[in-house]
Amino acid sequence: MSDYQSDFVRTIVERGFLHQCTDLDALDALAAKKVVTAYIGFDCTAPSLHAGSLMPIMLLRWLQKTGHRPIVLMGGGTTKVGDPSGKDESRQILTEDKINENLTSIKSIFSRYLDFGDGASDALMANNADWLDDLQYIPFLREYGPHFTINRMLTFDSVKTRLEREHPLTFLEFNYMILQAYDFLELARRYGCDMQMGGSDQWGNIINGVELGRRTDGTSLYGLTSPLLTTASGAKMGKTADGAVWLSSDQLSAYNFWQYWRNTEDADVGRFLRLFTELPIAEIERLEALDGAEINEAKKILALEATTLCHGAEAARNAAATAEETFEKGGAGNDLPSTEVSEDALRAGIPAFEIFCIAGLCKSNGEARRLIKGQGARLNDQPVSDETRAVTLDDLDASGAIKLSAGKKRHAMVRVG
RNA sequence: GGAGGAGUGCCCGAGUGGCUAAAGGGGACGGGCUGUAAACCCGUUGGCGUACGCCUACGUUGGUUCGAAUCCAACCUCCUCCA
């Protein structure tokens, strides 16, 4: 573990970022003697990235921290094609406007994790629409087509699984891997990019780029993937009750982000601390060794560290304070989701099931009724037994708020506004 | 172009005229046990209404029938084999 020469390789190996590498020893040697430029591509299929993208982002961050240069490649062009890797079905085709909209809002996330600029190890952002949009079909085919054989492409998992499951794979999607391979070549030419990184499902795509570089330009390129992240009990990372764990506060509040990490399974704590925080390994080893309920302390540290990186120190502290107030003191922290209702409405009385919907704890009145019937609903920490019970001004507490809870973990405040 | 098969709720999948808001499983949510953990046990899982109830739903559109997810017709999509 410790016999690597470069800080970069040593770090990612000991923190668990490495799954496969085209030539780890050569990469290690390279990183020990020069500034390596490496990129990771990001889809623009949603307006924000989620926890699943966090590992690649941290990988870029470590790359930079160990003295190298990260490139964030926005898939403004490739998103128009759609990556078939790891998917049973084709993605819905997004409009160009939508893609650009997503791209813009995703960009801002990276500034929290990377330093952009013009220095040797300052990060760079590129958009593959810049070169893909204007490709000429026939010239492109003639120049790069001969380097790819269908025989080989059919052996890649992304293609193979579709065929085996008899799910359609369109020619559009089939082209994706060629475009991604070309991206790598383009980045190597433009910026001297040495390496492409990504999740393990990107291995095939990455290899294609490495080979294309060798065949066309005779350059030595490297590929490196990180393991597919699942929780210890096998679930995919990044899901909560309300959907994905988004990285932008517009989609998921810092408090909920903090909560996500706080609720990590015991068995994942050590692994996640290595991947999603920058605590020294020795400290992590101490934390993950905590027994029984004590490991909750480790989870709080994980949550604080991860939230600090994503949303800033202040937001993270507030989230932690809210959680402490809410869960450990049984009160209600400031960061809990809050909704306002009019004084008139409260004076008239709002049926209990309805106010749970208004507060966003339930998606429909029916769901709220079921919650109440199942004894999962509480108002100011008192169980709600009658679903039609009127919630009125009398229910406001001393601070002028009503605390609603759905289950033990989901809380929301209602205030007069 | 020809022949055959398929399209069901968040997902998988059963159902071939009424007892079907649709078996079963997964997921999700709630309860119990705990430590805001896992595992396990129990419950819930289309919308609206306090409720007897109403509405929407089995690819799409029409039709047969007292009554259709189930039968018929056309269309759309996908799969397999043949040309």
Side-chain angles (χ1 to χ4, degrees), chain A residues 86-90 92-93 162-171 173 230-245 255-273 287-304 306-307 319-333 335-336 349-357 359-379 381 383-391 403-412:
Chain A
K87 290 173 198 69
D88 271 2
E89 288 173 28
S90 320
Q92 210 187 347
I93 301 292
R162 282 280 186 95
L163 296 179
E164 278 167 2
R165 293 187 178 191
E166 301 187 341
H167 284 162
L169 176 73
T170 64
F171 187 65
E173 297 170 282
T230 54
T231 66
S233 42
K236 266 193 191 152
M237 277 286 294
K239 285 286 163 68
T240 68
D242 301 316
V245 180
Y255 167 72
N256 282 126
F257 188 82
W258 190 95
Q259 276 295 320
Y260 175 73
W261 298 105
R262 172 62 184 83
N263 283 296
T264 297
E265 296 174 28
D266 287 9
D268 287 325
V269 171
R271 198 158 54 103
F272 287 4
L273 281 166
L287 289 170
E288 70 185 335
L290 291 173
D291 260 341
E294 285 182 11
I295 202 159
N296 284 330
E297 289 312 309
K299 293 183 189 180
K300 286 184 206 166
I301 291 171
L302 167 64
L304 185 73
T307 308
T322 290
E324 189 184 345
E325 183 65 36
T326 307
F327 287 95
E328 290 171 31
K329 299 182 182 158
D335 263 13
L336 289 178
I350 302 173
F353 68 85
E354 213 171 303
I355 205 165
F356 274 85
C357 288
L361 292 172
C362 294
K363 289 198 217 50
S364 68
N365 290 352
E367 188 180 317
R369 284 173 205 278
R370 272 179 247 126
L371 178 75
I372 295 168
K373 281 183 189 145
Q375 276 134 51
R378 273 164 299 137
L379 187 148
D381 299 313
V384 179
S385 49
D386 178 4
E387 59 202 74
T388 55
R389 168 207 196 284
V391 178
K403 180 187 179 191
L404 298 177
S405 313
K408 288 184 184 133
K409 292 187 194 170
R410 293 154 59 221
H411 307 279

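Nothing here was measured: the structure is a model prediction, and the numbers come from that model. Each chain gets a letter, A, B and so on, in the order the sequences are listed, and its residues count up from 1.
Across B:G53 and B:C19, the matching P atoms stand 14 Å from one another, rounded to whole Å. To the nearest whole angstrom, the two P atoms, one in B:U8 and one in B:C54, are 29 Å apart. Atom name P, nucleotides B:A28 and B:A38: the rounded distance is 10 Å, in whole Å. When the P atom is used for both B:A21 and B:G27, the distance is 27 Å, rounded to whole Å. Rounded to whole Å, the P atom of B:C76 lies 33 Å from the corresponding atom of B:A23. Nucleotides B:A68 and B:U20, compared at atom C1', are 11 Å apart to the nearest Å. When the C1' atom is compared between B:G9 and B:A57, the two are found 8 Å apart, to the nearest whole Å. Rounded to whole Å, the P atom of B:C41 lies 10 Å from the corresponding atom of B:G26.
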Inset, instruction - Begin with the C-alpha distance, continue with both residues' side-chain angles, and end with the deciding distance and a verdict on side chain to side chain contact (heavy atoms under 4.5 Å, CB included) for A:Arg262 and A:Asn296. - result: CA-CA 8 Å; A:Arg262 172 62 184 83; A:Asn296 284 330; 3.5 Å; yes

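When the nearest nucleotides of RNA chain B are assigned to A:Glu354 and A:Gly374 by heavy-atom distance, the more 5′-ward of the two goes with A:Gly374.
To the nearest 0.5 Å, atoms CZ (A:Arg369) and SG (A:Cys357) are separated by 9.0 Å.
Of the candidates B:U50, B:U44, B:G30, the closest approach to any side-chain atom of A:Arg370 belongs to B:U44.
The side chain of A:Ser364 contributes an N or O atom lying less than 4.0 Å from OP1 or OP2 of B:C48. Using a 4.0 Å cut-off, no side-chain N or O of A:Arg369 falls inside it from OP1 or OP2 of B:C48.
With rounding to whole Å, A:Leu361 atom CG is found 12 Å from B:C29 atom C1'. Rounded to a whole Å, the CD atom of A:Glu367 is 9 Å from the P atom of B:G30. A straight line from CG of A:Asn365 to P of B:U45 spans 16 Å, rounded to a whole angstrom. One can place NZ of A:Lys363 at 17 Å from C1' of B:C48, the figure rounded to the nearest angstrom.
Note: A:Phe327 and A:His411 meet the aromatic proximity criterion, with ring centroids under 6.0 Å apart.
Residues A:Lys300 and A:Trp258 form a side-chain contact, since some pair of their non-hydrogen atoms from C-beta on lies under 4.5 Å apart. Two residues are said to be in side-chain contact when any heavy atoms from C-beta on lie closer than 4.5 Å; A:Asp266 and A:Lys299 meet this criterion. Using a 4.5 Å heavy-atom threshold, the side chains of A:Leu287 and A:Glu297 count as separate. For the pair A:Arg389 and A:Ile372, the minimum side-chain heavy-atom distance is 4.5 Å or more.
For the residue pair A:Glu367 and A:Cys362, the shortest heavy atom distance occurs at OE2-CA, 3.7 Å. When every heavy atom of A:Val391 is checked against every heavy atom of A:Ile355, the shortest pair comes out as CG1-CD1, 3.8 Å.
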Legend entry - Watson-Crick and G-U pairing of RNA chain B written in dot-bracket, each distance under 3.5 angstrom, with | for inter-strand partners: ((((((((.[[[..)..(.....]]]((((((.......))))))(((....)))...[[[[[..)....]]]]]))))))).

What nitrogen or oxygen pairs link the protein and nucleotides 34-43 of chain B at under 3.5 Å?
| unit_1 | atom_1 | unit_2 | atom_2 | d |
| --- | --- | --- | --- | --- |
| B:U34 | O4 | A:Lys408 | NZ | 3.1 |
| B:G35 | O6 | A:Asp266 | OD2 | 3.3 |
| B:G35 | N1 | A:Asp266 | OD1 | 3.2 |
| B:G35 | N1 | A:Asp266 | OD2 | 2.5 |
| B:G35 | N2 | A:Asp266 | OD1 | 2.5 |
| B:G35 | N2 | A:Asp266 | OD2 | 3.4 |
| B:G35 | N2 | A:Asn296 | OD1 | 3.3 |
| B:G35 | N2 | A:Lys299 | NZ | 2.9 |
| B:U36 | O2' | A:Asn263 | OD1 | 2.3 |
| B:U36 | O2 | A:Gln259 | OE1 | 2.9 |
| B:U36 | O2 | A:Asn263 | OD1 | 3.3 |
| B:U36 | O2 | A:Asn263 | ND2 | 3.4 |
| B:U36 | N3 | A:Gln259 | OE1 | 3.3 |
| B:U36 | N3 | A:Gln259 | NE2 | 3.3 |
| B:A37 | OP1 | A:Lys409 | NZ | 2.8 |
| B:A37 | O4' | A:Lys299 | NZ | 3.2 |
| B:A37 | O2' | A:Asp266 | N | 3.4 |
| B:A37 | N3 | A:Asp266 | OD2 | 3.2 |

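With sequence neighbours excluded, no residue forms a side chain to side chain donor-acceptor pair (under 3.5 Å) with A:Asn365.
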